[in-house]
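Treat the numbers as computed from the prediction; the structure is a model and nothing was measured. Letters A, B, ... are given to chains in the order of the sequence lines, protein chains preceding strands, and every chain is numbered from 1.
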There are 2 protein chains.
Amino acid sequence: MRPTVNDIARAAGVSLATVDRVLNARPGVRKVTIERVNRAIEELGYVRDLSAANLARRRTYRFVFVLPEGDSQFQRALRETVEEVARHAVRERMAVNTVLVPPGDPHHLARVLHGLEGGDVEGVAIMAPETPHVRDAIRHLKEHGVAVVSLVSDLPNTEQDHFVGIDNIAAGRTAGVLMRRFLGGSSGKILVLGNTMILRESVERRLGFDAALIECYPRIEVLPSIEWRDDPELLERNVRAAFASYDNIIGVYVTGSGNRLFSRVLAPYREEHELVYIAHELTEHTRAALIGGSIDVVITQDIGHVVRSTLRVLRAKVDRTEIDAAQERIRIDIILKENLT
Amino acid sequence: MRPTVNDIARAAGVSLATVDRVLNARPGVRKVTIERVNRAIEELGYVRDLSAANLARRRTYRFVFVLPEGDSQFQRALRETVEEVARHAVRERMAVNTVLVPPGDPHHLARVLHGLEGGDVEGVAIMAPETPHVRDAIRHLKEHGVAVVSLVSDLPNTEQDHFVGIDNIAAGRTAGVLMRRFLGGSSGKILVLGNTMILRESVERRLGFDAALIECYPRIEVLPSIEWRDDPELLERNVRAAFASYDNIIGVYVTGSGNRLFSRVLAPYREEHELVYIAHELTEHTRAALIGGSIDVVITQDIGHVVRSTLRVLRAKVDRTEIDAAQERIRIDIILKENLT
DNA sequence: AATTTTTTGAGGTACGCACCTCATTTTTTG
DNA sequence: CAAAAAATGAGGTGCGTACCTCAAAAAATT
């Protein structure tokens, strides 16, 4: 049987009330007494029964996800997963809400984050690019005792508690190696497509990708990234220009969102060029494209895992308990048609 | 606020005692009353607070892992992971024990399984090959209300509640496709190594592997499996024979355990032959070999995930709650040096 | 030493639920 | 219709913890 507060009280030779004061850091206990109690806790190996404690506290963890309201399939799927997981999370005393913010508006985002403090929100999960405003807002939240976790997109220079997601340089490197191996011995150019290189993920992936392929230069040459910034026509023009300039394009690497569009724009060229197509993020579209054979590899992260992990980490932070690193490590998943389940 | 038993008592116009009788399936309630209570439960969307219930019940889930005592690195790691997860599980009212059984002794295993019934064990997790004795033992356990889950190695023709692990045919197919792509356009033979083809995993992986490579025949030819049945010398003889018979061996596929040994035996040949080496199960050895470059790809399953998932499933079974399919699906992980974290 | 301040103890109530007893009401049966 | 049987209600106790109050004891101050 696990020891209870009563056992501690007896072992430490103090009353229940004192143990309670120590456990919950209430004032009015001498240092020596605190130490005596802590020694008893140590010796008996007492761990607070969190479910009983939460019951007594009538506690509900209040968490907020701040997510971009973009309509890429990945962002959609992320929002849906959060909703889904939130429904289950109710059973574990968690109230999870989502706030959507327009992408590319740091001021708006910062205002939203500021607004979260002062309510009863105990933890915030953010997916957004890092800007000075965001950094300040996060510091503000932390100062007011709110746990802050970033997901998918890291915020390394902030005071966040944790990042839930993959190492995007390694992900890009993985893509690069697979590109190299899937190309066999062919030589030619590789097209890199991305919505915008402002997002740190895209930059990091590109970095890793290049690093993995530099050793094959000049047999394989990675072309400068083509961005489209939500402008389909710009994309089309640039892709057409690329195929006009080089007749030996043998691979395509898409660093971020936009696979639906890219697939469409690339379609006419694929009839003449055999391409190895590597993309990121497993979504409805990329899944279908894997099955159909138009995408060869998808590098992804399990989004359900990301969301569940985020909640576990937030809870651990407010409870000040340990997090299980092995469980919370998000893997870089390599998905082929064959291991798609 | 979530509704409580009191709320449904009030809503159904019955007393707390009656609600309790209905909730816990105690006798002495008329059908009409039961329905009335259930309607109230439905309408208010009541869900039992499991942590409060478990607190009141002074419940501890008692689970047993029945694992092979073999000393392959995978089996070792599995046992260690179970120990590790078990330590954390105590906080969630779970008492997890491990029973080791000698591999290849179905009678012993069946005896152990029979012995588990009658105690207070509520769930059993088994990793073992399927035999008639095991089937009977599992039926016996199920009949006595013990939840049974298999992990890693499926027991499809038994009355088990669930299987936690990967689809090994798909895993083999994945290995096959990667072999094909990593080989580029080369032609030659592929060595398949496995300790024993008695284990269903090995057979299934081989099946999938062949299916993925049959289309390349005869450019690529997959040789008959070399088994070693715990006899290193047999292995060495056979490998030597294979390299003597064929001078164009270009790939190695190891379907199961034994990578440490295989690496050693293959070493002398690798100096002359460039080999694509694909293995299963990420262990200390395969990890090091990936980094060192002697293994190119490891197809694996996250063993921590497997064990945690097993516990969640067992708990869900005894609680008769839903399991989250997305969370419990074990992925076929493709590990390269680059996405090794 | 007397007084003030701090520390400690004793005890209660609540959280949401399980499980128990006994009295009372309702239904069924002869 | 009475007696027996079944169903229901009322109420209590405990699980391990939080949080509160008030009195008593101990320590620090004058």
Exercise for the section: May I ask you to say whether B:Lys142 pairs ionically with B:Asp161, meaning some side-chain N is under 4.0 Å from a carboxylate O? Expected result: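 A salt bridge is present here (some side-chain N lies under 4.0 Å from a carboxylate O).
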Problem - Ion pair A:Arg62/A:Glu122, N-O distance below 4.0 Å - result: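 No salt bridge links A:Arg62 with A:Glu122.
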Problem - Canonical and wobble pairing (Watson-Crick, G-U, under 3.5 Å) of DNA chain C, dot-bracket with | - result: ||||||||||||||||||||||||||||||
Handout entry: Pairs meeting criterion side-chain hydrogen bond (donor to acceptor under 3.5 Å, both in side chains) with involvement of residues 304-316 of chain A, two or more places apart
Key =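 Those involving residues 304-316 of chain A are A:Ser309-A:Glu328, A:Arg312-A:Glu328.
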Practice task
Ignoring backbone atoms, test whether A:Thr18 places a side-chain nitrogen or oxygen under 4.0 Å from the OP1 or OP2 oxygen of C:dG9.
Solution key: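 Yes, within the criterion.
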Practice task
Summarise how protein sits on nucleotides 16-30 of chain D as a single string, 5' to 3': B when a protein heavy atom is under 4.0 Å from the base, S for sugar-phosphate-only contact, - for no contact.
Solution key: BBSB-B-----S---
Any side-chain donor paired with an acceptor under 3.5 Å for [X] and [Y]?
| X | Y | value |
| --- | --- | --- |
| B:Thr158 | B:Arg139 | no |
| A:Thr300 | A:Asp302 | no |
| B:Asp49 | B:Ser51 | yes |

Practice task
Let me know the distance between CZ of B:Arg10 and C1' of D:dA10, rounded to the nearest Å.
Solution key: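 Result: 16 Å.
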Problem - d(CZ, A:Arg59; P, C:dG16) in whole Å - result: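 Between P of C:dG16 and CZ of A:Arg59: 15 Å.
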Practice task
Could you tell me whether a side-chain N or O of A:Thr81 sits under 3.5 Å from a main-chain N or O of A:Ala77, the two making a donor and an acceptor?
Solution key: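 Present.
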Exercise for the section: Please test B:Arg87 against B:Glu84 for salt bridge (charged side-chain N to carboxylate O under 4.0 Å, His left out), starting from the C-alpha separation and ending with a verdict. Expected result: CA-CA 5 Å; B:Arg87 266 193 294 280; B:Glu84 171 66 18; 2.7 Å; yes
